[in-house]
Structure formats: structure tokens, C-alpha cells
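Everything on this sheet refers to the single structure shown next.
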2 protein chains.
Amino acid sequence: MDLQRIKYFLALAEQLHYWKTAEKVNITQSALSRQIQSLESELGLQLFERNKRNVKLTPAGKFLKEKWEVELNELEYIHQFAKQLHLGERGTITIAHPDSISASIMPDILAKITQAFPKLQIKLVQVLYENQLDFLKNYKIDLAITRDITSEQGIHAKKIYSDHLALVVPLAHAFKKFEDLSTKRLKAQKFILPTKDEGSSYSEIIQALFKSYDFVPDVFLHSEFGSTIIALVRKGLGIAILPDSYMHHQSPGLRFIPLPFKTDILINWRADDHNPVLANILKLVFEN
Amino acid sequence: MDLQRIKYFLALAEQLHYWKTAEKVNITQSALSRQIQSLESELGLQLFERNKRNVKLTPAGKFLKEKWEVELNELEYIHQFAKQLHLGERGTITIAHPDSISASIMPDILAKITQAFPKLQIKLVQVLYENQLDFLKNYKIDLAITRDITSEQGIHAKKIYSDHLALVVPLAHAFKKFEDLSTKRLKAQKFILPTKDEGSSYSEIIQALFKSYDFVPDVFLHSEFGSTIIALVRKGLGIAILPDSYMHHQSPGLRFIPLPFKTDILINWRADDHNPVLANILKLVFEN
DNA sequence: ATTTATTAATGCGTATTTTGCATTAATGGA
DNA sequence: TCCATTAATGCAAAATACGCATTAATAAAT
């Protein structure tokens, strides 16, 4: 059963006149007549009571007119929705991102997305560094924003930003600016650092930093969560090294001393993910 | 857009394999491939992500699979319903009938109908004698059961039953059986009779009855409603002449004395009413 | 690395369906 | 009784769909 036929039927059910209807729907009266006939035989019922002079809906025809109008509208809407899915204007995407950027570039990215595609549904999740790629591969997330350079098979990655590392100390601390730092004075400090993850490019940078001062830090605590680290530093339990993105968080009582080391932020996605939503988001993120 | 195409799509969306699906739906793989392609171009979106090796639903395809399954079921149901309307197995019909038969032949008729067509909706209404034909012509009712013989243009009528007239008296009344009646004794009675409607065949019969006893009755009250008349008779306000169908009503305190006069019950409908429900009901009513 | 098997797409001729034109048949109104 | 209107229909042309055979891509096997 062709939906076009139903549309012809609905037009005729309005007009109740073959010639006028045929003209309205841009076919000949003969074609319309036959379309209605096929529709009737297909359904095994009579839609119109008609003689050579008058056209009138049967009870079944009246019923179908009402129902089909609703159904066709419904279908119309469904098809529009599907089209939006196809164009990546609708749909859902799950993004994992590190805590550090939740107050700096994440808001920028999200603002861009919601402005360009207001109907998109975005799910934000926090995932442990070590799980990120697994989650991506297993379709638990669609996009992972990381500080780790990974060259996994089937995962594409691209740098979208980089920020400086900073030494984080309580306001009362003796370190006020970069020049205050020296190997000797740093050696005396207790450090709170991210979990040391072998092969993580982020922790490699931090190691490189200590190497430049030529000592091994006294690390009394590891934590993966920047917000935890910040809380501990504020309480005076030690000092930390964090990306200066954290400056954008509301963190009174702390001083960020920028260090000449940079850390990259990368965006990762499945190479074979053809979800149009993803394509749209990547385009947005990369376009400037 | 042909619904068949959507069915092909749904089959493929299940199997995700052209050859197997094509076999299942009894067309060739080539035809199926082209059907899906036309569907895609018609909608302006991609339904499957496919290479020469694998078939996979796109997000839009997945969405449409779910929605179309629902819609097609809905349509299926609608078409079945319409078919039942066509066959007169479903639908609504409005029947007017006189009070007198509401406890005798109406229950019989209704039982027959509901047994044969359990899904029919029947509306019963009481309409004044004088309005019945108007209501029929103006599509306010579809069937009128009357005691009046009418030969209106465009109205068909057929006798379905006839019952005797009966003299209705309180149990304590002197009249016990037909032989107790005489012109002299009847003359002394007060009568409660139906509204005298000129040209009504029913009231003509009652007039004929009195003519056979050769006197004009003392009618102190007219009422069109049998149940009202019965209540008045029971209170001793007079005696009445009613169709003996009323005997089937629960009416303690009354005696029905059958009279040798019969009154017909006719069923009336519009000659040009092609509602299949009507046809079915007429067939049922006439078949024995 | 090469071959083989699998599988979706496609060119092409045929079959089916749909369409428009012209005509027919029925019917209401003058 | 005739005329105007209008839905149905015969027929040929156009459009569409189909099946067969083949192609092209690719995953698995060797």
C-alpha cells in the first residue's frame, strides 16, 4: 500500500469530487479513480459510496479518513525526526572528560555545541584515565577528552588545547612566584601528585619537570582527582602540580604558580564511528 | 512510499543480511537492494551503514525500525477495524422503539444482534410517535420500530410481529374476562388512552374497537407512554387498552383481558441507507 | 602475500504497473 | 426529452520494478 494512495484518498475524502481532487493533486481523474479502486481492493472494503453523480464516504471510509490523517502526520513527524538524526542535529553522544577542564574548555565546547545543535542530548561522564580507551572501544562513551597521547588502533586523536602546569600552594605558603622555586627548597616540600600511571604522557611530563630540578619528590599521597588534590593542598597537607585549567575553578585560599611545562588536551573517538552527531561535534570543535 | 518497502526494511533490519532477507521475503537480492536504496533516497537519509561485506543500522535506521514497527502494527489494526466496519460487524446503530415492546420482542431482537455481532454498538432511544419518521430521515436514528404503517418516500417498512390489544384493569375490577364486556358496562368506564394522533394506524385500531361496541368512550386522560398509563390504571384512575406486550413487564395488581384486535409492529429504515450494520441487522431480524 | 569465498551493488532486458487521453455510461436538472 | 456533469474504462505510452548475470569489495583461509 502506497502512502501516496492514502494521500489521494484523503484529498478525495475532503473534496468528495473526482475532477476537482484530481486537479488538486496533479493527476488525471482517470488515475485518481483507479488509485482509489486499487486502494479499495487492497483493503477489501469500500471507501466511497458512489454513482456516476455523487461521492460519499462509507462508514469504513469515514473511519479511515480520521485514522489515516493521524497516522500520516505521525509518520511525517517520525521521518523528520529521522532526518535530523541523519544530519546529526538530533541524537545522543556521551563524552568523558577530565575533571581539570570542567571549568575551562568544557563549558566553551558545550556552549558551542548547544548553540549550533540545540536538540542534541549530551551525556557527560567522568571515567578513570585507565578506562577511557576501553570505554570508547566498547561504545560506553563516544568521545574521550584526555591528556594522554594514545595511538591505539581504531582510535583517532587530535589535540584541541594545551595548558601550562602550575605549582599549587596555599596562599600562606612561602612560594610566591616561579623565581622562588629551587631544587633545594622544592626538595623540602611534601607533594600530592596524580596517580603515577606508567606510560601516561601526563605523568611523564610531571616526571620531566622534577628531572629538570634534578631531584625525586617526596610524594606522600597520590590521587587521580584534581578536586581532591586541591582540597588537600588548601588544608596545608602538601603542595601539588596541576594543569592551570584548575585556576578557572572557584578555589580561594590557593596560589597557582605557572611552570614552563605544557600539557596537551586531546580529543579521542572511534575511527569507524559514523554517527553524524559525532561528525558535527568534531567539526565544531576543530573549526577554530 | 510503499508500506511494502518499509516491511522489506524491517526484515533487513532484523537479519542485517541481504541474501537471507531477500529469500525470506521472496524477492531477489537485487530487488531488495534497490528497494532499500529507493527508501533511502525517498527519505533523504541513510538507513544502513554498509560495505560489500557488512550491513549495520545507522542511528536514523535504528530509530525508524523501532517507530515503523509500531506504526505498521497500528495501521494493521486500523485496517482490520475498517474491514469490520465494512462487513457490518462493528459500528453504531441507533434504534427507536415504543415502550410497549421493551420487555417483549426488543430483548429478543437485541439478544440476537449481540450474539451474532458482539462488537456492535447499539443505541436505544425513545422517540415520540410523531417524530419518528423525521428522526429517521434526518439521520438521528437508523431504525424505527413502530406500530404505525407509513408509506413515506424513501422509507422502507416491514412487519416483524403483531400482538393483541388487551383491556387493562386493576385486579379488583369487575371485568375478569372478555365475556364480561358489553357496550353498556364499557360505557360506564373511564378510559386512559394513547394520545389520539390523526392518521396513526394504531389509534385507528383502537377507534375501530370502540366502534365494534358502538359507543364513544369517556376518555379522561391521554398519554403516549404506556408505563404512565399502567401506573394510572393500577391506582384505579381508569382502565386502558394497550398491546398485550405489556404483560411481559412486571406489573402486579393488573389484569390483562385479551381483545380480538391485533396491532402490527413494523420496522422502518431509510431506503438509501447502505450502512452494512443496518443490512446485517435487518437480515437477522427477518431471517425467521 | 595470494587466493578463495562471500556479499552488496549494478547493467540490462523483460514484465508489471501506472498514467493520460479519449470515450462511455449513468444521472440530475432544464 | 435533451443536455450537462461526472465517475468508470479501453487502450497505448511511459514509468517503475524485477530477475539474471556480473562486478567489485573484503574478510577469511592458505
Side-chain angles (χ1 to χ4, degrees), chain A residues 1-58 60-62 65 137 153-154 270-274, chain B residues 1-58 60-62 65 137 153-154 270-274:
Chain A
M1 182 172 327
D2 198 324
L3 292 187
Q4 188 55 49
R5 279 200 180 145
I6 297 182
K7 285 179 188 160
Y8 289 150
F9 161 78
L10 289 177
L12 180 58
E14 278 303 322
Q15 291 269 338
L16 296 176
H17 194 289
Y18 274 78
W19 280 93
K20 291 179 193 164
T21 307
E23 194 173 14
K24 201 170 197 175
V25 298
N26 291 313
I27 53 171
T28 57
Q29 175 268 328
S30 122
L32 178 60
S33 174
R34 272 185 264 249
Q35 289 276 3
I36 299 295
Q37 283 170 36
S38 347
L39 197 52
E40 286 183 328
S41 80
E42 208 169 351
L43 289 164
L45 53 82
Q46 220 182 318
L47 293 167
F48 296 99
E49 215 177 286
R50 53 200 186 275
N51 48 37
K52 299 257 168 188
R53 202 79 189 162
N54 289 303
V55 182
K56 196 186 139 198
L57 282 167
T58 60
K62 202 170 171 183
K65 170 172 144 64
K137 281 184 183 170
Q153 178 71 7
R270 287 183 295 277
D272 65 347
D273 188 342
H274 297 118
Chain B
M1 184 170 328
D2 197 325
L3 292 187
Q4 188 57 48
R5 277 196 181 149
I6 297 182
K7 285 178 189 160
Y8 290 150
F9 161 77
L10 289 178
L12 181 58
E14 278 302 322
Q15 290 271 339
L16 296 176
H17 193 289
Y18 274 77
W19 279 93
K20 291 180 193 165
T21 306
E23 195 174 13
K24 200 169 196 175
V25 299
N26 290 315
I27 52 171
T28 58
Q29 174 268 326
S30 124
L32 178 60
S33 174
R34 272 185 264 249
Q35 289 277 1
I36 299 295
Q37 284 171 36
S38 347
L39 196 53
E40 285 183 329
S41 80
E42 210 169 350
L43 288 164
L45 54 81
Q46 220 182 320
L47 293 167
F48 296 99
E49 214 178 285
R50 53 201 185 276
N51 47 39
K52 299 258 166 186
R53 201 81 189 160
N54 288 303
V55 181
K56 197 186 138 197
L57 281 167
T58 61
K62 201 170 171 182
K65 170 173 146 59
K137 282 185 184 170
Q153 176 73 7
R270 289 182 294 277
D272 65 348
D273 188 343
H274 297 117

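Since the structure is predicted, the reported quantities are computational estimates derived from the model, not experimental observations. The chains referred to below are lettered A, B, ... by the order of the sequence lines, with proteins before strands, and numbering in each begins at 1.
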For the side chain of [X], starting at C-beta, report the closest nucleotide among [options].
X: B:Tyr18; options: D:dA8, D:dG19, C:dA8; value: C:dA8
X: B:Ser30; options: D:dG19, D:dA7, C:dT27; value: D:dG19
X: A:Arg34; options: D:dG19, D:dC11, D:dA7; value: D:dC11
X: B:Gln35; options: C:dT10, D:dA17, C:dC21; value: D:dA17

Does [N] have its OP1 or OP2 closer than 4.0 Å to a side-chain nitrogen or oxygen of [X]?
X: B:Arg5; N: D:dA17; value: yes
X: B:Ser33; N: C:dA9; value: yes
X: A:Arg50; N: D:dA8; value: yes

Want to settle it: does A:Asn54 or A:Ala31 sit nearer the 5' end of DNA chain C, counting the closest nucleotide to each?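 Nearest nucleotide further toward 5': that of A:Ala31.
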Separation of A:Phe9 atom CZ from D:dA7 atom P, in whole Å?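 Roughly 15 Å, once rounded to whole Å.
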Provide, to the nearest angstrom, the distance between the CD atom belonging to B:Glu49 and the P atom belonging to C:dA8.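 Rounded to whole Å, this separation is 15 Å.
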Should B:Glu42 and B:Arg5 count as an ion pair when the cut-off is N to O under 4.0 Å?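 Salt bridge present between B:Glu42 and B:Arg5.
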Within a 6.0 Å radius of atom NZ on A:Lys65, are there more than 12 heavy atoms belonging to other residues, nucleotides or ligands?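 Yes, because the 6.0 Å sphere around NZ of A:Lys65 holds more than 12 heavy atoms from other groups.
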Side chain A:Glu40, main chain A:Leu47, donor-acceptor under 3.5 Å: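 Yes.
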Donor-acceptor pair, B:Ser33 side chain versus B:Gln29 backbone, under 3.5 Å?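 No.
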Is B:Gln37 side chain donor-acceptor paired with the C:dA9 base, going by distance under 3.5 Å alone?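 No, no donor-acceptor pair under 3.5 Å.
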